[in-house]
Amino acid sequence: MQNHLISIITINYNNAEGLNKTLASVNCQTSDEFEHIIVDGGSTDNSVDIIKRYENDRISRTWISEKDSGIYNAMNKGIRMAHGQYVQFLNSGDYLVDKYVISRMSDALRRKDYPDILYGNIIVITKKGRLSRNKGVQGKYVTPWMMYQGAIPHSSAYIKRELFDRYGMYDENMKIVSDWEWYFEVTYYHGIHPKHEDTDVSCFNSDGISETNHELNAKERRQVIERIMPPQVLPDYDRWKTLLLKQTAINRHPFAVKFQNALLCIINIAEKIQLRRNSRKLKREFKKKGIEIV
(Lines give C-alpha, C1' and ligand atoms only; values in the text may rest on other atoms or scores of the structure.)
Protein backbone atom coordinates (compact mmCIF):
# COMPACT_ATOMS: atom_id res chain seq x y z
CA MET A 1 0.00 0.00 0.00
CA GLN A 2 1.17 3.53 -0.75
CA ASN A 3 2.81 5.35 2.15
CA HIS A 4 1.12 8.69 2.66
CA LEU A 5 2.41 11.65 4.64
CA ILE A 6 -0.65 11.67 6.94
CA SER A 7 -2.99 8.99 8.23
CA ILE A 8 -6.27 10.44 9.50
CA ILE A 9 -7.74 8.00 12.04
CA THR A 10 -11.44 8.18 12.90
CA ILE A 11 -12.89 6.25 15.84
CA ASN A 12 -16.65 5.70 15.84
CA TYR A 13 -19.33 3.85 17.74
CA ASN A 14 -23.04 4.41 17.10
CA ASN A 15 -22.54 8.04 16.07
CA ALA A 16 -23.72 8.00 12.46
CA GLU A 17 -24.67 11.67 12.52
CA GLY A 18 -21.26 12.76 13.79
CA LEU A 19 -19.48 10.35 11.46
CA ASN A 20 -21.30 11.88 8.51
CA LYS A 21 -19.88 15.34 9.36
CA THR A 22 -16.40 13.92 9.82
CA LEU A 23 -16.36 12.03 6.52
CA ALA A 24 -17.78 14.97 4.59
CA SER A 25 -14.92 17.18 5.83
CA VAL A 26 -12.31 14.55 4.91
CA ASN A 27 -13.72 13.76 1.48
CA CYS A 28 -13.61 17.39 0.35
CA GLN A 29 -9.87 17.85 1.03
CA THR A 30 -7.92 19.16 -1.96
CA SER A 31 -4.73 17.35 -0.95
CA ASP A 32 -4.08 13.69 -1.76
CA GLU A 33 -1.20 13.35 0.74
CA PHE A 34 -3.28 11.38 3.24
CA GLU A 35 -5.08 8.13 3.85
CA HIS A 36 -8.21 7.75 5.96
CA ILE A 37 -8.65 4.94 8.46
CA ILE A 38 -11.99 4.34 10.16
CA VAL A 39 -12.22 2.06 13.19
CA ASP A 40 -15.86 1.38 14.00
CA GLY A 41 -16.66 -0.51 17.18
CA GLY A 42 -19.36 -2.72 15.69
CA SER A 43 -22.02 0.01 15.55
CA THR A 44 -25.67 -1.04 15.51
CA ASP A 45 -26.92 2.21 13.94
CA ASN A 46 -26.35 3.07 10.27
CA SER A 47 -22.69 4.05 10.71
CA VAL A 48 -21.47 1.38 8.27
CA ASP A 49 -23.95 2.63 5.66
CA ILE A 50 -22.50 6.13 6.11
CA ILE A 51 -18.97 4.80 5.59
CA LYS A 52 -20.01 3.02 2.39
CA ARG A 53 -21.82 6.11 1.16
CA TYR A 54 -18.59 8.12 1.32
CA GLU A 55 -16.44 5.60 -0.52
CA ASN A 56 -14.34 7.55 -3.00
CA ASP A 57 -11.73 6.27 -5.44
CA ARG A 58 -9.73 9.48 -4.99
CA ILE A 59 -9.23 8.88 -1.27
CA SER A 60 -7.28 5.94 0.12
CA ARG A 61 -9.62 4.66 2.80
CA THR A 62 -9.49 1.56 5.00
CA TRP A 63 -12.16 0.68 7.51
CA ILE A 64 -13.19 -2.06 9.90
CA SER A 65 -16.29 -2.59 12.00
CA GLU A 66 -15.80 -4.93 14.94
CA LYS A 67 -16.13 -5.01 18.70
CA ASP A 68 -13.41 -3.33 20.73
CA SER A 69 -12.67 -2.91 24.43
CA GLY A 70 -12.87 0.87 24.47
CA ILE A 71 -11.75 4.12 22.87
CA TYR A 72 -8.02 3.54 23.30
CA ASN A 73 -8.19 -0.03 22.07
CA ALA A 74 -9.81 1.37 18.91
CA MET A 75 -7.23 4.17 18.61
CA ASN A 76 -4.38 1.65 18.94
CA LYS A 77 -5.98 -0.44 16.19
CA GLY A 78 -5.99 2.65 13.99
CA ILE A 79 -2.30 3.30 14.66
CA ARG A 80 -1.43 -0.30 13.70
CA MET A 81 -3.41 0.06 10.48
CA ALA A 82 -1.76 3.38 9.56
CA HIS A 83 0.88 3.71 6.83
CA GLY A 84 1.43 7.48 7.03
CA GLN A 85 4.46 9.19 8.48
CA TYR A 86 2.08 11.14 10.76
CA VAL A 87 -1.23 10.25 12.38
CA GLN A 88 -4.10 12.58 13.18
CA PHE A 89 -7.07 11.51 15.33
CA LEU A 90 -10.26 13.00 13.95
CA ASN A 91 -12.96 11.09 15.76
CA SER A 92 -16.59 10.95 14.72
CA GLY A 93 -18.29 14.28 15.34
CA ASP A 94 -15.05 16.25 14.90
CA TYR A 95 -14.33 17.69 11.47
CA LEU A 96 -11.75 19.65 9.49
CA VAL A 97 -12.57 23.36 9.26
CA ASP A 98 -12.18 23.65 5.48
CA LYS A 99 -11.02 21.76 2.39
CA TYR A 100 -7.45 23.09 2.54
CA VAL A 101 -6.49 21.82 6.02
CA ILE A 102 -4.41 18.83 4.92
CA SER A 103 -2.71 20.92 2.24
CA ARG A 104 -1.80 23.64 4.80
CA MET A 105 -0.57 21.20 7.42
CA SER A 106 1.41 19.12 4.90
CA ASP A 107 3.21 22.29 3.84
CA ALA A 108 3.79 23.20 7.50
CA LEU A 109 5.29 19.78 8.26
CA ARG A 110 7.81 20.22 5.46
CA ARG A 111 8.51 23.86 6.30
CA LYS A 112 9.19 23.01 9.95
CA ASP A 113 11.52 20.16 8.94
CA TYR A 114 9.18 17.31 9.93
CA PRO A 115 8.87 17.80 13.72
CA ASP A 116 7.93 14.95 16.04
CA ILE A 117 4.57 16.57 16.76
CA LEU A 118 2.94 19.52 15.02
CA TYR A 119 -0.41 20.90 16.13
CA GLY A 120 -2.71 23.64 14.91
CA ASN A 121 -5.71 25.32 16.50
CA ILE A 122 -9.04 23.70 17.27
CA ILE A 123 -12.40 25.42 17.30
CA VAL A 124 -14.30 24.23 20.37
CA ILE A 125 -18.07 24.09 20.04
CA THR A 126 -20.16 23.97 23.23
CA LYS A 127 -23.60 22.40 23.62
CA LYS A 128 -25.08 25.90 23.34
CA GLY A 129 -23.31 26.46 20.04
CA ARG A 130 -20.70 28.90 21.35
CA LEU A 131 -17.27 28.89 19.73
CA SER A 132 -13.78 29.38 21.12
CA ARG A 133 -10.32 28.94 19.59
CA ASN A 134 -7.85 26.74 21.46
CA LYS A 135 -4.20 27.26 20.48
CA GLY A 136 -2.73 25.06 23.20
CA VAL A 137 0.60 26.37 24.49
CA GLN A 138 1.38 28.00 21.12
CA GLY A 139 4.74 26.34 20.63
CA LYS A 140 6.14 26.94 24.12
CA TYR A 141 8.06 24.16 25.80
CA VAL A 142 5.55 21.98 27.59
CA THR A 143 5.81 21.91 31.38
CA PRO A 144 4.00 19.58 33.80
CA TRP A 145 1.81 22.50 34.83
CA MET A 146 0.82 23.17 31.22
CA MET A 147 -0.03 19.50 30.77
CA TYR A 148 -2.11 19.53 33.93
CA GLN A 149 -4.31 22.13 32.27
CA GLY A 150 -4.47 20.15 29.03
CA ALA A 151 -1.97 21.72 26.70
CA ILE A 152 -2.11 20.05 23.28
CA PRO A 153 -5.31 20.12 21.19
CA HIS A 154 -5.63 16.46 20.23
CA SER A 155 -7.72 16.52 17.06
CA SER A 156 -5.46 19.14 15.46
CA ALA A 157 -2.19 17.31 16.23
CA TYR A 158 -0.03 15.46 13.72
CA ILE A 159 2.07 12.87 15.53
CA LYS A 160 4.97 10.96 13.99
CA ARG A 161 3.82 7.35 13.87
CA GLU A 162 7.27 6.13 14.91
CA LEU A 163 6.82 7.78 18.33
CA PHE A 164 4.30 5.06 19.22
CA ASP A 165 6.91 2.42 18.34
CA ARG A 166 9.49 4.24 20.41
CA TYR A 167 7.48 5.17 23.50
CA GLY A 168 4.51 2.82 23.45
CA MET A 169 0.88 3.15 22.53
CA TYR A 170 -2.13 4.35 24.50
CA ASP A 171 -2.86 2.71 27.85
CA GLU A 172 -6.05 0.75 27.25
CA ASN A 173 -6.76 0.51 31.00
CA MET A 174 -7.67 4.22 31.03
CA LYS A 175 -11.14 5.26 29.90
CA ILE A 176 -10.64 9.01 29.35
CA VAL A 177 -7.13 10.40 29.73
CA SER A 178 -4.79 7.93 28.03
CA ASP A 179 -4.01 10.29 25.14
CA TRP A 180 -3.27 13.07 27.67
CA GLU A 181 -1.11 10.62 29.64
CA TRP A 182 0.83 9.74 26.49
CA TYR A 183 1.51 13.41 25.70
CA PHE A 184 2.56 13.98 29.31
CA GLU A 185 5.09 11.15 29.22
CA VAL A 186 6.67 11.95 25.84
CA THR A 187 7.05 15.65 26.70
CA TYR A 188 7.96 15.34 30.41
CA TYR A 189 10.09 12.19 30.37
CA HIS A 190 11.45 12.13 26.84
CA GLY A 191 11.76 15.82 26.02
CA ILE A 192 9.68 15.80 22.83
CA HIS A 193 8.89 19.41 21.90
CA PRO A 194 5.60 19.78 19.99
CA LYS A 195 5.59 22.66 17.48
CA HIS A 196 2.66 24.91 16.72
CA GLU A 197 1.23 26.13 13.42
CA ASP A 198 -1.13 29.05 13.96
CA THR A 199 -3.91 27.90 11.68
CA ASP A 200 -7.36 26.46 12.37
CA VAL A 201 -7.43 22.71 11.79
CA SER A 202 -10.45 21.03 13.33
CA CYS A 203 -13.78 21.63 15.04
CA PHE A 204 -14.28 19.78 18.29
CA ASN A 205 -17.61 19.22 20.03
CA SER A 206 -17.19 19.57 23.79
CA ASP A 207 -19.80 16.96 24.67
CA GLY A 208 -17.58 13.87 24.63
CA ILE A 209 -16.95 11.63 27.63
CA SER A 210 -13.75 13.44 28.66
CA GLU A 211 -15.57 16.78 28.67
CA THR A 212 -18.73 15.68 30.47
CA ASN A 213 -17.51 13.07 32.98
CA HIS A 214 -15.46 15.46 35.10
CA GLU A 215 -15.23 13.14 38.11
CA LEU A 216 -13.68 10.26 36.16
CA ASN A 217 -11.46 12.68 34.24
CA ALA A 218 -10.09 14.13 37.48
CA LYS A 219 -9.62 10.69 39.03
CA GLU A 220 -7.63 9.32 36.10
CA ARG A 221 -5.53 12.47 35.78
CA ARG A 222 -4.70 12.23 39.46
CA GLN A 223 -3.53 8.63 38.99
CA VAL A 224 -1.23 9.75 36.19
CA ILE A 225 0.13 12.69 38.20
CA GLU A 226 0.92 10.45 41.18
CA ARG A 227 2.73 7.97 38.94
CA ILE A 228 4.72 10.53 36.94
CA MET A 229 5.66 13.15 39.51
CA PRO A 230 8.42 12.56 42.11
CA PRO A 231 6.92 12.00 45.60
CA GLN A 232 8.73 15.02 47.04
CA VAL A 233 7.25 17.32 44.36
CA LEU A 234 3.64 16.21 44.66
CA PRO A 235 2.83 17.98 47.99
CA ASP A 236 3.99 21.34 46.60
CA TYR A 237 2.03 20.68 43.42
CA ASP A 238 -1.14 20.05 45.44
CA ARG A 239 -0.54 23.13 47.57
CA TRP A 240 -0.24 25.56 44.69
CA LYS A 241 -2.48 24.13 41.97
CA THR A 242 -5.67 25.89 43.17
CA LEU A 243 -3.98 29.28 43.28
CA LEU A 244 -2.39 28.71 39.89
CA LEU A 245 -5.71 27.71 38.35
CA LYS A 246 -7.26 30.90 39.70
CA GLN A 247 -4.37 32.97 38.34
CA THR A 248 -4.75 31.32 34.96
CA ALA A 249 -8.43 32.32 34.92
CA ILE A 250 -7.54 35.91 35.87
CA ASN A 251 -4.95 36.14 33.10
CA ARG A 252 -7.62 35.46 30.48
CA HIS A 253 -9.35 38.77 31.23
CA PRO A 254 -7.49 42.10 30.82
CA PHE A 255 -9.85 43.93 33.20
CA ALA A 256 -9.31 41.29 35.89
CA VAL A 257 -5.53 41.63 35.49
CA LYS A 258 -5.74 45.43 35.92
CA PHE A 259 -7.96 45.03 38.97
CA GLN A 260 -5.53 42.47 40.43
CA ASN A 261 -2.56 44.79 39.84
CA ALA A 262 -4.37 47.66 41.57
CA LEU A 263 -5.21 45.42 44.51
CA LEU A 264 -1.58 44.28 44.75
CA CYS A 265 -0.47 47.93 44.91
CA ILE A 266 -2.87 48.51 47.82
CA ILE A 267 -1.59 45.36 49.54
CA ASN A 268 1.99 46.51 49.03
CA ILE A 269 1.25 49.89 50.66
CA ALA A 270 -0.56 48.16 53.54
CA GLU A 271 2.39 45.82 54.09
CA LYS A 272 4.84 48.75 54.23
CA ILE A 273 2.65 50.51 56.81
CA GLN A 274 2.42 47.31 58.84
CA LEU A 275 6.19 46.80 58.61
CA ARG A 276 6.82 50.30 60.06
CA ARG A 277 4.36 49.66 62.90
CA ASN A 278 5.97 46.31 63.71
CA SER A 279 9.42 47.91 63.60
CA ARG A 280 8.46 50.65 66.10
CA LYS A 281 6.81 48.08 68.36
CA LEU A 282 9.92 45.87 68.31
CA LYS A 283 12.22 48.82 69.08
CA ARG A 284 10.11 49.72 72.14
CA GLU A 285 10.20 46.08 73.26
CA PHE A 286 14.01 45.92 73.03
CA LYS A 287 14.38 49.31 74.73
CA LYS A 288 12.42 48.08 77.75
CA LYS A 289 14.75 45.05 77.94
CA GLY A 290 17.81 47.24 77.67
CA ILE A 291 18.86 45.70 74.38
CA GLU A 292 20.49 47.96 71.86
CA ILE A 293 20.15 46.98 68.18
CA VAL A 294 22.83 48.62 65.99
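Treat the numbers as computed from the prediction; the structure is a model and nothing was measured.
- Hydrophobic clustering (side-chain heavy atoms under 4.5 Å, transitive across Ile, Leu, Val, Met, Phe, Trp, Tyr) keeps Met75 apart from Ile38.
- With hydrogens and angles disregarded, no donor-acceptor distance shorter than 3.5 Å links the side chain of Ser103 to the backbone of Tyr100.
- Separation of atoms SG (Cys203) and NZ (Lys21) is listed at 8.5 Å; rounding is to 0.5 Å.
- Although no hydrogens or angles enter the test, the distance criterion places a donor-acceptor pair under 3.5 Å between the side chain of Thr187 and the main chain of Tyr183.
- Under the 4.5 Å side-chain heavy-atom criterion for Ile, Leu, Val, Met, Phe, Trp and Tyr, Ile176 and Val39 are members of the same hydrophobic cluster.
- Judged purely by distance below 3.5 Å, without hydrogens or angles, the side chains of Asn73 and Asp68 never pair a donor atom with an acceptor atom.
- For Glu285 and Lys289, the salt-bridge test passes: some basic side-chain N is under 4.0 Å from an acidic carboxylate O.
- Looking at Glu33, its side chain never comes within 3.5 Å of a backbone N or O of Ile102 through a donor-acceptor pair.
- Rounding to the nearest 0.5 angstrom, the gap separating the CD1 atom in Ile291 from the CG atom in Leu282 is 9.5 Å.
- The shortest side-chain heavy-atom distance between Ser31 and Ile6 does not fall under the 4.5 Å cut-off.
- Tyr189 meets the ring-ring contact (aromatic ring centres under 6.0 Å, His included) test with no other residue; sequence neighbours excluded.
- A salt bridge links Arg166 with Glu162: the closest approach of a Lys/Arg side-chain nitrogen to an acidic carboxylate oxygen falls below 4.0 angstrom.
- The number of heavy-atom neighbours closer than 6.0 Å to CZ of Arg58, taken from other residues, nucleotides and ligands shown, is above 12.
- Looking at Arg111, Arg104, Arg110 one by one, the single match for salt bridge (Lys or Arg N to Asp or Glu O under 4.0 Å) with Glu197 turns out to be Arg111.
- At least one donor-acceptor pair closer than 3.5 Å links the side chain of Asn76 to the backbone N or O of Tyr72.
- For Tyr54, the OH atom counts as densely surrounded, since its 6.0 Å shell holds more than 12 non-hydrogen atoms of other residues, nucleotides or ligands.
- Using a 30° and 60° split on the angle between ring planes, Phe164 and Phe89 fall in the perpendicular class, above 60°.
- For residues 221-235, the set of pairs meeting the salt bridge (charged side-chain N to carboxylate O under 4.0 Å, His left out) definition, not counting sequence neighbours, comprises Glu181-Arg227, Glu185-Arg227, Arg222-Glu226, Arg222-Asp238.
- Residues Leu216 and Lys175 meet the side-chain proximity criterion, which asks for heavy atoms closer than 4.5 Å.
- Here the side chain of Ser178 pairs a donor or acceptor atom with the backbone of Asp171 at under 3.5 angstrom.
- At a threshold of 4.5 Å between non-hydrogen side-chain atoms, the residues Leu131 and Val124 do not count as touching.
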Under the ring-ring contact (aromatic ring centres under 6.0 Å, His included) rule, what do Tyr119 and His196 come out as? Steps first, then yes or no, please.
-> CA-CA 5 Å; Tyr119 62 96; His196 178 242; 5.1 Å; yes

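- Side-chain contact between Val137 and Ile152 is absent, with no heavy atoms from C-beta onward closer than 4.5 Å.
- Here the side chains of Val142 and Tyr188 are not in contact, with every heavy-atom distance at 4.5 Å or above.
- In this structure, Phe34 and His4 approach most closely via the heavy-atom pair O-ND1, 3.5 Å.
- A continuous path of ILVMFWY side-chain contacts below 4.5 Å connects Met147 to Met229, so both sit in one hydrophobic cluster.
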Would Phe286 and Glu292 satisfy side-chain contact (heavy atoms from CB on, under 4.5 Å), going step by step from the backbone distance to the final call?
-> CA-CA 7 Å; Phe286 281 129; Glu292 183 178 357; over 6 Å; no

Between Asp200 and Arg133, does a side-chain contact (heavy atoms from CB on, under 4.5 Å) hold up when you go through it step by step?
-> CA-CA 8 Å; Asp200 297 334; Arg133 178 179 283 113; 2.8 Å; yes

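- When every heavy atom of Thr22 is checked against every heavy atom of Tyr95, the shortest pair comes out as CA-CB, 4.2 Å.
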Step by step, work out the side-chain contact (heavy atoms from CB on, under 4.5 Å) result for Asn27 and Ile59.
-> CA-CA 7 Å; Asn27 269 38; Ile59 294 175; 3.4 Å; yes

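- Annotation: salt bridge (Lys or Arg N to Asp or Glu O under 4.0 Å) contacts of Lys140 (sequence neighbours excluded): none.
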Begin from the C-alpha positions of Gln88 and Ser7 and carry the test side-chain contact (heavy atoms from CB on, under 4.5 Å) through to its verdict.
-> CA-CA 6 Å; Gln88 175 190 17; Ser7 296; over 6 Å; no

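- Going from atom CZ of Arg130 over to atom OG of Ser132 covers 11.0 Å, rounded to the nearest 0.5 Å.
- Between Tyr114 and Leu5 the shortest heavy-atom distance is CE2-CD1, 4.0 Å.
- Sequence neighbours left out, the pairs with a member in residues 251-271 that pass side chain to side chain donor-acceptor pair (under 3.5 Å) are Gln247-Asn251, Gln247-Gln260.
- In this structure a side-chain-to-backbone donor-acceptor pair under 3.5 Å is present from Trp182 to Gly168.
- In terms of heavy atoms, Ala82 sits closest to Ile37 at CA-CD1, 3.3 Å.
- Of the possible donor and acceptor atoms, none in the side chain of Asn121 sits under 3.5 Å from a partner among the backbone N and O of Lys135.
- The shortest non-hydrogen separation linking Tyr86 to Pro115 is OH-O, 2.6 Å.
- You'll find the side chain of Ile117 stays beyond 4.5 Å of the side chain of Tyr158, heavy atoms only.
- In this structure, Leu163 and Asp116 have side chains that are in contact, with non-hydrogen atoms separated by less than 4.5 Å.
- Here the closest non-hydrogen pair linking Gly120 and Val201 is CA-CG2, 3.8 Å.
- Of the possible polar contacts, one joining the Asp45 side chain to the Asn15 backbone as a donor-acceptor pair under 3.5 Å is found.
- The backbone N or O of Gly93 lies less than 3.5 Å from a partner atom in the side chain of Asn205, making a donor-acceptor pair.
- Between atom CD1 of residue Ile267 and atom SG of residue Cys265 there is a gap of 9.5 Å, rounded to the nearest 0.5 Å.
- The same ILVMFWY cluster, assembled from side-chain heavy atoms under 4.5 Å apart, contains both Trp180 and Met169.
- With rounding to the nearest 0.5 angstrom, the OG atom of Ser47 is 4.0 Å from the CG atom of Asn12.
- Annotation: salt bridge (Lys or Arg N to Asp or Glu O under 4.0 Å) contacts of Glu55 (sequence neighbours excluded): none.
- Within the structure, salt bridge (charged side-chain N to carboxylate O under 4.0 Å, His left out) pairs that include any residue of residues 76-96 comprise Glu66-Lys77 (at least two apart or interchain).
- Using a 4.5 Å cut-off on side-chain heavy atoms (C-beta onward), Glu35 and Arg61 make no contact.
- Taken to the nearest 0.5 Å, the CE atom of Met174 stands 10.5 Å off from the CG atom of Asn217.
- No path of Ile, Leu, Val, Met, Phe, Trp and Tyr side chains, each step under 4.5 Å between heavy atoms, connects Phe259 with Val257, placing them in separate hydrophobic clusters.
- At distances below 3.5 Å, not a single donor-acceptor pair connects side-chain atoms of Ser92 with backbone N or O atoms of Leu19.
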